[in-house]
Amino acid sequence: MKKEKEHLRPLNRIPLLDSYLKEADTQKVPATLLVNYEGHGYSVPKKFIANRVKLIRIEDELQIYYNNDLICTHQISDRPLNYKNEHYLDGLRDSIEPKKDETAEDYESRIQKKAEESLKKMDLLAGKVK
């Protein structure tokens with residue numbers, strides 16, 4: 001026991017400890033980057049597509065873990081789609097190619113503009129912006 005004890009790490013994360021005590025939802029991340037929690041979509045970083053993540057609600061916050069590492073948090077919302085801007089931008093980069101002779105700055109600006117337009121449309125559809 002003493003020899004094995006040296007190799008054990010302390011369990012110092014309260015959310016992780018709570019995840020063992022509370023019922024947690026595990027889902028595979030689809031290409032849309034959205035995991036479903038109580039009928040609403042919450043985004044995760046693009047690099048987790050096709051991986052299984054754990055969703056844990058702590059009060060009014062949704063915490064999303066991959067292999068017991070916290071990868072993102074969202075405020076619980078009544079919006080149907082809840083994208084973090086950086087997650088959405090990463091997703092757009094895969095679907096929008098740089099134009100011939102376009103500078104990296106111009107490309108990033110075009111991606112940012114497209115993301116803002118798309119996210120605004122999502123807000124309009126959700127009835128949040130007039």
Side-chain angles (χ1 to χ4, degrees):
M1 174 68 174
K2 287 181 184 180
K3 186 166 184 87
E4 289 179 10
K5 187 177 176 181
E6 338 178 310
H7 299 287
L8 296 175
R9 294 184 313 173
L11 190 60
N12 57 2
R13 296 185 193 160
I14 296 300
L16 182 59
L17 182 59
D18 282 348
S19 75
Y20 292 110
L21 302 174
K22 294 180 181 178
E23 204 170 297
D25 183 19
T26 303
Q27 295 180 24
K28 186 175 181 180
V29 178
T32 61
L33 309 177
L34 294 170
V35 292
N36 185 31
Y37 182 75
E38 294 184 349
H40 303 280
Y42 294 90
S43 68
V44 298
K46 179 179 77 172
K47 69 180 184 179
F48 296 102
I49 289 174
N51 290 299
R52 296 197 71 74
V53 295
K54 187 183 296 187
L55 287 68
I56 300 170
R57 182 178 185 154
I58 307 264
E59 296 177 8
D60 62 344
E61 184 176 78
L62 181 64
Q63 297 181 346
I64 304 173
Y65 290 84
Y66 175 71
N67 287 341
N68 295 324
D69 291 324
L70 180 64
I71 59 171
C72 67
T73 61
H74 286 272
Q75 289 298 308
I76 299 295
S77 167
D78 61 352
R79 295 177 64 207
L81 304 174
N82 298 279
Y83 276 102
K84 288 199 176 276
N85 192 45
E86 62 270 19
H87 301 164
Y88 197 73
L89 286 170
D90 278 346
L92 280 178
R93 283 187 191 97
D94 280 351
S95 64
I96 299 176
E97 293 291 323
K99 293 179 182 177
K100 192 175 187 178
D101 299 327
E102 184 176 38
T103 66
E105 237 176 49
D106 289 342
Y107 175 66
E108 285 301 316
S109 177
R110 189 163 55 97
I111 295 290
Q112 182 66 43
K113 184 177 178 184
K114 180 68 175 171
E116 288 169 4
E117 290 170 1
S118 297
L119 292 170
K120 187 173 183 178
K121 284 180 187 176
M122 282 186 238
D123 283 341
L124 285 170
L125 290 172
K128 297 295 180 189
V129 176
K130 294 183 181 180

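We number each residue from 1, following the sequence as shown.
Every residue meeting the side-chain contact (heavy atoms from CB on, under 4.5 Å) condition with Asn82, not counting sequence neighbours, appears here in chain and number order: His40, Tyr42, His74, Ser77, Arg79. Residues passing the side chain to side chain donor-acceptor pair (under 3.5 Å) test with Glu108, sequence neighbours excluded: Arg93. Among residues two or more places apart in sequence or in another chain, the ring-ring contact (aromatic ring centres under 6.0 Å, His included) test is passed with Tyr83 by Tyr88. Remark: Glu116 pairs with Gln112 by the side-chain contact (heavy atoms from CB on, under 4.5 Å) rule, at least two apart or across chains.
Atom CG of Leu81 is separated from atom CG of Leu33 by 11.5 Å, given to the nearest 0.5 angstrom. To the nearest 0.5 angstrom, Asn85 atom CG is 9.5 Å from Ser43 atom OG. Here Lys28 contributes atom NZ and Asn51 contributes atom CG; the two are 8.5 Å apart, rounded to the nearest 0.5 Å. Taking CG from Leu62 and OH from Tyr37, the interatomic distance works out to 6.5 Å, rounded to the nearest 0.5 Å.
Of the candidates Asp25, Ile56, Val35, Val29, Ile64 forms a side chain to side chain contact (heavy atoms under 4.5 Å, CB included) with just one, namely Val35.
Residue pairs meeting the salt bridge (Lys or Arg N to Asp or Glu O under 4.0 Å) criterion with at least one partner in residues 42-53, sequence neighbours excluded, are Lys46-Asp94. For residues 96-106, the salt bridge (Lys or Arg N to Asp or Glu O under 4.0 Å) pairs, not counting sequence neighbours, are Glu102-Arg110.
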Step by step, work out the side chain to side chain contact (heavy atoms under 4.5 Å, CB included) result for Asn68 and Lys54.
-> CA-CA 8 Å; Asn68 295 324; Lys54 187 183 296 187; 4.1 Å; yes
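At least one side-chain heavy atom of Pro45 sits less than 4.5 Å from a side-chain heavy atom of Cys72.
Checking side-chain atoms of Ser95 against main-chain N and O of Leu92 turns up a donor-acceptor pair under 3.5 Å.
A pairwise comparison of heavy atoms in Ile49 and Pro30 identifies CG1-O, 3.8 Å as the closest pair. Between Leu70 and Tyr65, the shortest heavy-atom contact is N-CD2, 3.4 Å.
Within a 6.0 Å radius of NZ in Lys114, other residues, nucleotides and ligands contribute 12 heavy atoms or fewer.
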